[in-house]
Peer 1: 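Quick one: the structure is below, and I'll ask about it shortly.
The structure displayed is predicted, hence computed values, not measured ones.
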Amino acid sequence: MASMSTAFPKTTPFLSHPLTKSDSLIATTVSFPSSSRSRSLRRATLRVRSALIEPDGGKLMELVVPEPRRREKKHEAADLPRVKLTAIDLQWMHVLSEGWASPLRGFMREAEFLQTLHFNSLRLDDGSVVNMSVPIVLAIDDEQKALIGESKRVALVDSDDNPIAILSDIEIYKHPKEERIARTWGTTAPGLPYAEEAIANAGNWLIGGDLEVLEPVKYNDGLDRFRLSPFELRKELEKRGADAVFAFRLRNPVHNGHALLMTDTRRRLLEMGYKNPILLLHPLGGFTKADDVPLSWRMKQHEKVLEDGVLDPETTVVSIFPSPMLYAGPTEVQWHAKARINAGANFYIVGRDPAGMGHPVEKRDLYDADHGKKVLSMAPGLERLNILPFRVAAYDKTQGKMAFFDPSRAQDFLFISGTKMRGLAKNKESPPDGFMCPGGWKVLVDYYDSLSLSGNARLPEKIPV
């Protein structure tokens, strides 16, 4: 994989450690916003360690076949019954192959599926519990099930019927679509983007088993150099020698309010006694709904944020997280947090309505805006991860920049929602100075301008802001 420095300024990844009350080298007071976990950490005693937090289960499950055995495995795959993967299936295979879902060894069998669906966690053989809040499953239809027959192995193939993985010791079980949707999203209302794309028309069976991926997953879209696996991130971070890792997941362009939250988090970690806390800026790279800004444009925008110095490239790592987006609110945000543990992060920034969306039928948010951060503070299997809730940032008209909201002078602040931001960009209007760096804003305007130039699409109508 090519170096990230080919497109972004050279970045400095990180080392990390869990907070524990028993540690005794550095004493500090933690003053993050209240939650059940952050309250318990307020008088925590810290030790800055020189090792990354362990992945869930103690080991990264890297499921790509070693180079010397790939030819042999490809020959084996050629003679097996075949299951064709969708684009989203391929993204989940990518997630599994690199160990983001450790300790999973493949697509879920029924016991793992049921634990995930009902408990948001998995119990390991030693009795310990790891978080797992979203099912990572592979659906097949009646015809595929019949073709598999009594075989204990299948080949997974891409859209061109090329074998790309083997699933072994397989188990086929019923796909309870309605229950899966209800328990994942809390509703079965029509219009849930991921459910309509990946579940509603999927097969009535699920197939699980041990996964062997024949080659590292590549997309050949010019962005593969940013798709660092958990192992690659950890290796680079250890080399750089940072002592705390704080992860920020996003699927939107970065504005100066986001930057304020991230830089303020680093300041607080320095006050806690860390010497080199590093930000993992981790945009989501899999499936997103149609009105989200595509990954390639978001990466261009993030590049400009670093080039313009809004974020410090020396203390920021930019890498793509390959997971699809479910928009499942408090359920999904646990998955986002858990995956970052496997990449080495020991702090996770969470904001308002994480992984949320508007209700697909009614004119309201689908989830309570505060439930995501509350759930993270209590979620089983995430006890080692320190949750850092957002402080509310808004545009301060008196200072001409993004600042933390002060309720005592609420009239001085302007809240610019994502919808309003997109409307301004579509209309080629400028936001207030200080809302987003000029280079980053130009990328956003260029993206919406490109929509009017693609195909025979007519110019977009002016959108009220």
Peer 1: For Lys289 and Glu196: C-alpha separation, side-chain torsions, deciding distance, then whether side-chain contact (heavy atoms from CB on, under 4.5 Å) applies.
Peer 2: CA-CA 11 Å; Lys289 54 189 175 69; Glu196 292 200 344; over 6 Å; no
Peer 1: Between Asp449 and Lys442 (salt bridge meaning N to carboxylate O under 4.0 Å), is one present in this structure?
Peer 2: no
Peer 1: Kindly indicate whether the side chain of Thr315, heavy atoms from C-beta on, has any atom under 4.5 Å from the side chain of Asp312.
Peer 2: yes
Peer 1: For the residue pair Gly372 and Pro354, what are the closest heavy atoms and their distance?
Peer 2: CA-CG, 3.7 Å
Peer 1: Can you see which heavy atom on Pro103 is nearest to which on Gly57, and at what distance?
Peer 2: CB-CA, 4.4 Å
Peer 1: Would Arg249 and His282 count as a side-chain hydrogen bond (donor to acceptor under 3.5 Å, both in side chains) here? Give the steps.
Peer 2: CA-CA 5 Å; Arg249 180 216 57 90; His282 216 195; over 6 Å; no
Peer 1: Give the minimum heavy-atom separation between Phe246 and Ile349, together with the two atoms involved.
Peer 2: CD1-CD1, 3.7 Å
Peer 1: Contact between Thr86 and Leu90 at the side-chain level, heavy atoms closer than 4.5 Å - yes or no?
Peer 2: no
Peer 1: Specify whether Phe405 and Phe413 have parallel, tilted or perpendicular ring planes, treating 30° as the upper limit for parallel and 60° as the lower limit for perpendicular.
Peer 2: perpendicular
Peer 1: Any donor-acceptor pair under 3.5 Å linking the side chain of Glu212 with the backbone of Leu63?
Peer 2: no
Peer 1: Can any side-chain N or O of Arg267 pair as donor or acceptor with the backbone N or O of Thr263 at less than 3.5 Å?
Peer 2: no
Peer 1: Looking at Phe404, does the NZ or CZ of Arg391 lie under 6.0 angstrom from its six-membered ring centre and within 45 degrees of the ring axis?
Peer 2: yes
Peer 1: Can you find a heavy atom in the side chain of Tyr327 that is under 4.5 Å from one in the side chain of Thr288?
Peer 2: yes
Peer 1: Examine Arg227 relative to Tyr219 and say whether NZ or CZ is less than 6.0 Å from the centre of the six-membered ring and inside a 45° cone about the ring axis.
Peer 2: yes
Peer 1: Hey, does Val333 have a side-chain heavy atom less than 4.5 Å from the side chain of Leu376?
Peer 2: yes
Peer 1: Decide, yes or no, whether a salt bridge links Arg422 with Asp292 under the criterion of side-chain N to carboxylate O below 4.0 Å.
Peer 2: no
Peer 1: Using side-chain heavy atoms (C-beta onward) and a distance below 4.5 Å, is Val137 in contact with Arg180?
Peer 2: yes
Peer 1: Closest approach of Glu112 and Phe107, non-hydrogen atoms and distance?
Peer 2: OE1-O, 4.4 Å
Peer 1: Is there a side-chain contact between Glu98 and Glu62, using heavy atoms and a 4.5 Å cut-off?
Peer 2: no
Peer 1: Between Thr184 (side chain) and Ile181 (backbone), is there a donor-acceptor pair under 3.5 Å?
Peer 2: no
Peer 1: Between Trp335 and Lys338, is there a cation-pi geometry (under 6.0 Å to ring centre, at most 45° from the normal)?
Peer 2: no
Peer 1: Check Arg70 with Glu67, please: is the shortest side-chain N to carboxylate O separation under 4.0 Å?
Peer 2: yes
Peer 1: Any ion pair linking Glu307 and Lys304 (charged N to carboxylate O, less than 4.0 Å)?
Peer 2: yes
Peer 1: Kindly indicate whether the side chain of Ser133, heavy atoms from C-beta on, has any atom under 4.5 Å from the side chain of Thr116.
Peer 2: no
Peer 1: Less than 4.0 angstrom from a charged side-chain N to a carboxylate O is my criterion; do Asp396 and Arg409 meet it?
Peer 2: yes
Peer 1: Would you check, one step at a time, whether the test salt bridge (Lys or Arg N to Asp or Glu O under 4.0 Å) holds for Asp365 with Arg352?
Peer 2: CA-CA 11 Å; Asp365 288 339; Arg352 181 187 179 278; 3.6 Å; yes
Peer 1: Indicate yes or no: at least one non-hydrogen side-chain atom of Ser323 is less than 4.5 angstrom from one of Trp92.
Peer 2: yes
Peer 1: Would you call the rings of Trp100 and Phe321 parallel, tilted or perpendicular, where under 30° means parallel and over 60° means perpendicular?
Peer 2: perpendicular
Peer 1: Output yes when Glu238 and Arg234 qualify as a salt bridge under the 4.0 Å nitrogen-oxygen rule, no when they do not.
Peer 2: no
